[in-house]
Amino acid sequence: MTKYIFVTGGVTSSLGKGIISASLAKLLQARGFKTTIQKFDPYINVDPGTMNPYEHGECYVTDDGAETDLDLGYYERFLGTPTSQANNVTTGRIYQTVIEKERRGDYLGKTVQVIPHITDEIKRRMKLLGQNGSHEIVITELGGTVGDIESLPYLEAVRQMIWELGNDNCIVVHLTLLPFLSASKELKTKPTQHSVKELQKVGIQPDILVCRTDHPITMDIRRKVALFCNVDVSSVIEAITADSVYDVPLLMRKENLDIVVINKLRLMDKREPDLKEWKKFLGRLKNPIHEVKIGLVGKYIELDDAYKSIYVSFVLAGAANECKVKVVPVHSEDLNYDNVENKLKGFHGILVAPGFGERGFQGKIEAVRFCRENKIPFFGICLGMQTAAVEFARNVLNLESAGSTEMEENLQNPIIHLMGEQHEIENKGGTMRLGQYACMLKKGSRALGIYKNAMIQERHRHRYEFNNEYREAFEEAGMMCTGINPDNDLVEIIELKDHPWFLAAQFHPEYKSTVENPHPLFISFVKATMVYKVNHTVRMAEQKS
Ligand code: GLN
C-alpha cells in the first residue's frame with residue numbers, strides 16, 4: 001500500500017516547503033523506499049509556462065515536456081530521479097479537466113461543484129503517482145499558506161484522503177515559523193498555534209510540525225508547541241536556518257524527522273539511510289580549493305529565482321571541481337560595444353542565459369563577441385546559443401541584416417528562425433518545443449569529449465531554431481555544428497574551433513544537473529574557467545615584469 005505524506009505551510013510563504021519536502025524524500029529514498037514528490041499549486045494558470053520569470057521565477061522543464069514550478073528542480077536534484085507532468089498540478093489544470101468532462105457530458109446531468117467534483121479530481125491526481133506500485137511513498141507539497149481561500153479545496157481533499165486511507169497511510173507535515181522577538185529575546189509560538197488552528201478548522205490535525213527558526217528550540221518550547229498544537233513532543237521538529245539547502249537533509253536526520261515519519265506510517269524500516277555520496281558532495285562544497293568568477297549575462301537578473309537551475313548547476317559543478325564558483329549577474333541591457341570590456345574583464349568565463357524577446361539582445365551579442373575575440377570561456381544556453389550564432393553571422397561571416405526572426409521579422413539573413421510547425425501555432429501555453437529529445441554528437445567534437453557518449457538526451461524549451469541553410473558557411477568559418485537531432489536534423493550544439501572553450505546549446509543542460517550527478521557541460525565549463533584564471537594570472541604577471 002502506498003503511503004502519502006502531505007506537506008502544508010503556515011504563518012508565511014517562503015519558509016522552504018520545497019526544500020523540506022525534498023530533504024524528507026531524500027532521507028526516505030536513502031533508506032531504500034521508492035519515493036517521489038509532487039507539487040500542487042493553487043493558481044489558475046494551467047502551468048507556469050505562460051508566467052513571466054519575475055512573477056514565478058524559472059519555469060522548470062521535465063523529460064516529458066511539462067513546464068513546471070521550480071520546486072520540481074529541487075526534487076530532481078535531491079533525489080536524482082526524473083519527475084513528469086504528473087508531479088505538478090495546478091488549480092487551472094484541475095478545473096480544465098473537470099470542465100472538459102462536463103462538456104463531454106461525463107457527469108450525466110449532475111450539477112458540477114467544488115465538492116465533490118473538484119475535490120475528487122484533486123484526490124485522483126494526489127493518488128496518481130502511487131498507482132501500479134511505482135512508488136512506496138508519495139510526498140505532496142501543497143503550494144500557498146493555510147488560511148488562503150484558494151487552498152481550501154486542496155485541504156478538503158487531504159482531509160478526505162486521511163479519512164479514506166487512514167492515519168497509518170496518510171500523514172500531514174506542517175511547516176511553520178517560530179519568530180524571534182529581539183526585544184524580549186524569545187521565540188514565539190503563537191503564530192504556529194494559530195496556523196495549526198486554521199488546519200484544525202478544516203478538519204485536519206497535523207501529525208508533525210516542522211518549525212523554521214533562526215535559533216535553537218529549547219525543550220520547553222517543544223513541549224509548549226506540542227501541548228497547544230496537539231502533537232507528540234517528538235513530532236516537533238526544529239528546522240534551523242542552514243548555511244546551505246544541502247545541509248537540510250542532514251539537519252532533518254539529526255532531528256529524526258525520517259524516523260518519526262516511518263513510525264507514524266508504520267513502515268518497516270529498511271536500513272540506515274545511505275548518505276555517503278551526499279556527504280562527499282557536502283565535503284567538497286564546503287572545502288573548495290579554487291575559486292572562479294563567472295558572469296551570468298541575462299535580463300531577469302534582479303531575481304535569482306529566474307535562473308535558479310543555472311545558479312545551482314554552477315554550485316554543483318563547482319563542488320565537483322573543488323572550486324567555489326562565484327556567479328555574478330550582469331544585466332544584458334547595460335552592455336554595449338563601448339563598455340563590454342570594462343564590464344566583463346574581471347570574469348573567468350561568461351554564460352549567456354536563456355530568454356525571450358528583444359530586450360537586452362544586443363548586449364548579449366556584445367558579450368559573445370568579447371568572449372570569442374578574447375578567447376574567454378563562453379557557454380551559451382538556448383537564447384544564449386541563438387545569440388552566439390547571430391553574433392558569428394554578423395561579425396565573422398559579415399552577413400548583413402543577420403538576426404533572429406524572434407527579434408525582427410523580414411531579415412535578409414534569418415540565422416535563427418521559427419520551426420516549421422511553429423508557424424501555425426496560436427496558443428502560447430504548452431506549445432513550444434518542450435522536453436527531452438535525442439542529440440547526436442560529432443566525432444572529434446568538444447561535446448563528445450565531454451559527454452563521452454555519442455547519443456545524448458537533453459531537455460528543450462524554445463520556438464526558434466538555427467537555420468540549416470547557414471550550416472555550411474558556419475562550419476567553413478570555424479563554428480562547428482557538433483550536436484544534431486538525428487530525427488529532424490536540427491542543430492543542438494555549436495562550438496568554435498581554435499578557442500579554449502566556446503560551446504552553446506539549444507537545449508537546457510541546467511535542468512539535468514543533480515547533486516550526485518552534476519551536468520558534464522557545467523563541470524567542463526567550470527574547469528575551463530579555472531584554467532583560464534591560471535593562464536590569465538600568469539600572463540598578467542609576465543606583462544608586469
Ligand atoms: N526565445 C528563444 C526561443 O523561443 C529561446 C528560448 C529560451 O532561451 N528558452 O527559441
Side-chain angles (χ1 to χ4, degrees), residues 47-62 65-68 70 73 296-301 303 305-311 313 329 332-333 350-365 367-368 378-391 393 402-409 411 414-437 439 458-468 470 483 485 488 490-494 503-513 519 521:
D47 61 44
T50 52
M51 279 189 233
N52 188 321
Y54 291 121
E55 279 289 306
H56 189 264
E58 162 190 278
C59 178
Y60 187 76
V61 178
T62 58
E67 296 178 284
T68 73
L70 55 78
L296 170 67
V297 177
K299 68 172 173 183
Y300 310 113
I301 56 154
L303 185 74
D305 272 1
Y307 301 116
K308 190 86 213 171
S309 294
I310 292 179
Y311 280 111
S313 293
S332 50
E333 273 185 300
I350 296 292
L351 184 141
V352 173
F356 295 84
E358 221 216 314
R359 186 165 66 88
F361 185 60
Q362 191 52 38
K364 289 183 173 173
I365 295 261
V368 176
F378 166 81
F379 193 5
I381 298 182
C382 208
L383 183 61
M385 176 227 164
Q386 298 174 355
T387 314
V390 171
E391 191 279 330
S404 160
T405 56
E406 179 181 5
M407 320 300 163
E408 205 182 326
E409 283 175 21
L411 285 163
I415 307 298
I416 305 296
H417 64 169
L418 213 51
M419 290 176 274
E421 69 269 24
Q422 285 286 340
H423 285 286
E424 277 95 65
I425 288 171
E426 282 179 9
N427 276 353
K428 289 271 182 276
T431 54
M432 280 189 251
R433 181 170 178 240
L434 290 166
Q436 185 143 288
Y437 290 98
C439 169
E458 291 284 3
R459 297 181 192 172
H460 297 69
R461 183 172 188 250
H462 61 117
R463 281 186 211 286
Y464 294 82
E465 287 291 347
F466 182 81
N467 183 344
N468 271 332
Y470 295 92
N485 179 304
N488 52 19
L490 292 175
V491 173
E492 301 281 18
I493 301 178
I494 57 174
L503 186 148
Q506 183 57 76
F507 52 78
H508 291 261
E510 72 274 23
Y511 294 145
K512 284 184 64 164
S513 213
H519 197 285
L521 286 179

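Atoms within a ligand are numbered from 1 in the order they appear, just like the ligands themselves. This is a predicted model, so every value here is computed, not measured.
- Distance alone, capped at 3.5 Å, is enough to place a donor-acceptor pair between the E58 side chain and the S309 backbone.
- R461 places a side-chain N or O within donor-acceptor distance of the main-chain N or O of G49, the cut-off being under 3.5 Å.
- Each of the atoms 3 (C), 4 (O), 6 (C), 10 (O) of ligand 1 lies under 4.0 Å from some heavy atom of H462.
- If you check each of H460, H508, Q506, E406 against atom 1 (N) of ligand 1, the one with the closest non-hydrogen atom is E406.
- Looking only at heavy atoms of the protein, atom 4 (O) of ligand 1 is closest to R463 N, 3.0 Å.
- In terms of protein heavy atoms, atom 7 (C) of ligand 1 is closest to C382 SG, 2.9 Å.
- An N or O contact shorter than 3.5 Å links G355 to ligand 1 by distance.
- At the shortest separation from atom 10 (O) of ligand 1 among protein heavy atoms lies Y464 N, 2.8 Å.
- Ligand 1 lies out of reach of E465, whose nearest heavy atom is not under 4.0 Å from it.
- For T68 (side chain) and Y60 (main-chain N/O), a donor-acceptor pair under 3.5 Å exists by modelled atom type.
- Defined by atom type and a distance below 3.5 Å, a donor-acceptor pair is present between the side-chain atoms of R463 and T431.
- A donor-acceptor pair under 3.5 Å is absent between the side-chain atoms of Q506 and the main chain of I493, judged by distance alone.
- A donor-acceptor pair under 3.5 Å links the side-chain atoms of H460 to the main chain of E458, judged by distance alone.
- Looking at S513, its side chain does come within 3.5 Å of a backbone N or O of H519 through a donor-acceptor pair.
- Counting the atoms of ligand 1 from 1 in the order shown, those under 4.0 Å from a heavy atom of R461 are 6 (C), 7 (C), 9 (N).
- Of the polar atoms of L383, at least one N or O is found under 3.5 Å from an N or O of ligand 1, judged by distance alone.
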